[in-house]
Amino acid sequence: MSVVPPELVLCILEHGYYTSLHTPNYTLLKAAALVCKTWSGPAQTLLFRCATKLEQHNIPIFRAALLSSAGRGTALGECIRILEISIGGTSNGGLGCTPEDFVILLQSCPQLYELALSITEVHEFEEEILKKLKDVGKKLKALTLVQCGLQSPILFQLLKIWNNIQFLKIEKEIAAWPWRTAATPVLRRNVDAEELAQRPGAEVCLYELALSRIPTSDVLNWVLGSSTDSLRILELRDIPGPAHRAILSLHAPRLRSLRLAHYNIHSAALLRLCTALEELVIYHVPTHFPLAPDLPPTIEHLSFRNPNHTYRTTLQPIIKAVDALPSLRVLTCDKNAEQLVGDYEILKAKCRMKGTEVIVSDVPFWVYEDPVKVHRFPRTHSVSNFDAMF
């Protein structure tokens, strides 16, 4: 096996890159790196491609590997496309890296594409740190803010220096005042709409925005300030109220994909505004509010889940939705849908008649797709996206 060309070895390892939970198979890659020299290079390339859960116990080891030598350390650092790291503290009470070490690590990852940050016990970055981060984050396209303080301005600081970000995920509630200055250091409320409209927003042109918690209207308005013509994918794991819907209404007609964790009267009102939608993803089977009447006829991919924590005993809302969508190409569901044998057979028969492909997916609903631009939905979490992440 040692004479197998490195290109073929890479293809073999890519085939087994993901575990059943769609996380990198580090056990496989570590073992492959020890087989022989021919396997070591391709295996290390994939092993260091995604560096996750960097905390107190493994940050020194990771840093030592990247700074071990000018040749080897540089080569490993250039493999890294995805970095997930804790700054300040960690979720279990340990220590993450310091802002200064964070800068050094980013300097060692010149090809970094996606960054996930958990920030605790650090309210904001100092100006000197921001200047250095601006230089080392020029190739970043995707940013996930996993954790930060409710009133922390760190999101605003990072988006101001990294206006190349196109994919943004915010997993915590943010209520800080986006336009804070030395003269107005505290949160101001009850600003009239005319004044708010004149305030500058973020300069990032987002292609995708995913919100686990919807921030305040001020924050949402600031984040989307320059994304009216660019936003194509929106994911909401919280319910959009009237104030948030008013902001999102400016972007809704250009959205290609909408992902909703909850479907109710407010979600339906937003869905009606998405007149060019190609994909709708819902994370349960909606039974309390009808789905079919508000579906844009442009939808080509409909995805739904029937998870155990919100298990439904009927697929009738989905069956009616399939009838209402003339352009439907693909229907994606999870294995729980197959357990509803009667409704599932009806659903498959409807799809056969329309020429719609049915995909049963085992990808957990908490696994995000790869942050890449889409030619045609559904988008995947796959090694086929590796070449697009540069």
Side-chain angles (χ1 to χ4, degrees), residues 51-56 59 82-106 109 112-134 136-137 140-182 184-189 201-204 206 208-225 227 235-238 244 261 366 368 371:
T52 62
K53 295 180 172 57
L54 293 180
E55 298 180 349
Q56 181 184 25
I59 285 176
I82 302 170
L83 180 64
E84 178 185 331
I85 192 166
S86 296
I87 300 175
T90 66
S91 57
N92 59 9
L95 295 176
C97 73
T98 65
E100 292 76 15
D101 284 340
F102 176 52
V103 170
I104 294 173
L105 289 177
L106 288 196
C109 306
L112 191 64
Y113 181 92
E114 180 180 358
L115 175 65
L117 290 176
S118 295
I119 305 173
T120 57
E121 301 174 11
V122 176
H123 180 67
E124 61 185 340
F125 289 125
E126 296 177 358
E127 286 300 318
E128 191 61 32
I129 294 294
L130 290 173
K131 289 178 183 178
K132 295 177 181 178
L133 288 176
K134 182 177 182 178
V136 299
L140 273 175
K141 293 294 188 295
L143 175 65
T144 300
L145 191 57
V146 180
Q147 174 75 38
C148 73
L150 179 68
Q151 294 290 347
S152 170
I154 281 179
L155 175 66
F156 314 136
Q157 290 182 315
L158 295 180
L159 292 185
K160 285 177 181 177
I161 62 171
W162 292 338
N163 57 15
N164 41 291
I165 297 294
Q166 298 178 15
F167 304 86
L168 178 64
K169 300 183 184 73
I170 303 175
E171 298 189 357
K172 299 297 289 186
E173 185 177 0
I174 297 179
W177 178 243
W179 302 279
R180 189 193 68 163
T181 65
T184 57
V186 296
L187 180 68
R188 293 181 56 198
R189 299 187 182 277
E203 294 183 4
V204 292
L206 296 178
E208 178 177 4
L209 176 63
L211 300 172
S212 294
R213 294 292 304 274
I214 299 181
T216 64
S217 298
D218 293 334
V219 174
L220 184 62
N221 195 67
W222 184 86
V223 166
L224 291 173
S227 300
E235 176 162 344
L236 302 175
R237 301 206 174 188
D238 213 343
H244 295 108
W366 61 84
Y368 285 104

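We number each residue from 1, following the sequence as shown.
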(message) Does Leu145 form a side chain to side chain contact (heavy atoms under 4.5 Å, CB included) with Ile174? I'd like the steps, not just the answer.
(response) CA-CA 10 Å; Leu145 191 57; Ile174 297 179; 3.9 Å; yes
(request) Might you work through the side chain to side chain contact (heavy atoms under 4.5 Å, CB included) test for Leu220 and Leu209, ending with a clear yes or no? (result) CA-CA 10 Å; Leu220 184 62; Leu209 176 63; 4.1 Å; yes
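Residues Leu159 and Val204 share a closest heavy-atom pair of O-CG1, 3.8 Å. Nearest approach of Gln151 to Ala175, heavy atoms of both residues: OE1-O, 3.4 Å. The nearest pair of heavy atoms linking Ile154 to Val122 is CD1-O, 3.5 Å. Minimum interatomic distance between Ala176 and Ser152 (heavy atoms only, all atoms of both residues): CB-O, 3.6 Å. When all heavy atoms of Cys97 and Ile85 are compared, the closest pair comes out as SG-CD1, 3.7 Å. What you find for Lys141 and Asn164 is that their closest heavy atoms are CD-O, 3.7 Å.
Atom-to-atom distance recorded for Ile161:CD1 and Lys131:NZ is 12.0 Å, nearest 0.5 angstrom. In this structure, CG in Asn221 is found 9.5 Å from OG1 in Thr216, a value given to the nearest 0.5 Å. For the atom pair CD (Glu124) and SG (Cys148), the distance works out to 12.0 Å, reported to the nearest 0.5 Å. How far CG of Leu140 is from CG of Leu112: 5.0 Å, rounded to the nearest 0.5 Å. Distance check, rounded to the nearest 0.5 Å: NZ of Lys134 to NZ of Lys160 gives 12.0 Å. Separation of atoms CD (Glu84) and OG1 (Thr52) is listed at 5.5 Å; rounding is to 0.5 Å.
For Lys172, the side chain to side chain contact (heavy atoms under 4.5 Å, CB included) partners two or more places apart in sequence, or in a different chain, are Gln147. For Phe156, the ring pair (Phe, Tyr, Trp, His ring centres under 6.0 Å) partners are Trp222, not counting sequence neighbours. By the side chain to side chain contact (heavy atoms under 4.5 Å, CB included) test, Val103 pairs with Gln107, Ile129, Lys132, Leu133, sequence neighbours left out. Taking Phe167 as the reference, Tyr207 meet the ring pair (Phe, Tyr, Trp, His ring centres under 6.0 Å) condition, with sequence neighbours excluded. With sequence neighbours left out, the side chain to side chain contact (heavy atoms under 4.5 Å, CB included) criterion links Asp238 to Arg213, Ile214. The salt bridge (charged side-chain N to carboxylate O under 4.0 Å, His left out) check on Glu114 picks up nothing, with sequence neighbours excluded.
Ile170 is not listed as a side-chain neighbour of Val219, based on a closest heavy-atom distance of 4.5 Å or more. Within the 4.5 Å cutoff, side-chain heavy atoms of His123 are placed close to those of Pro153. Looking only at side-chain heavy atoms (C-beta outward), Val136 and Phe102 stay at 4.5 Å or farther from each other. Looking at His244 and Ser217, their side chains come closer than 4.5 Å, going by heavy atoms from C-beta outward.
For Glu100, the CD atom counts as densely surrounded, since its 6.0 Å shell holds more than 12 non-hydrogen atoms of other residues, nucleotides or ligands.
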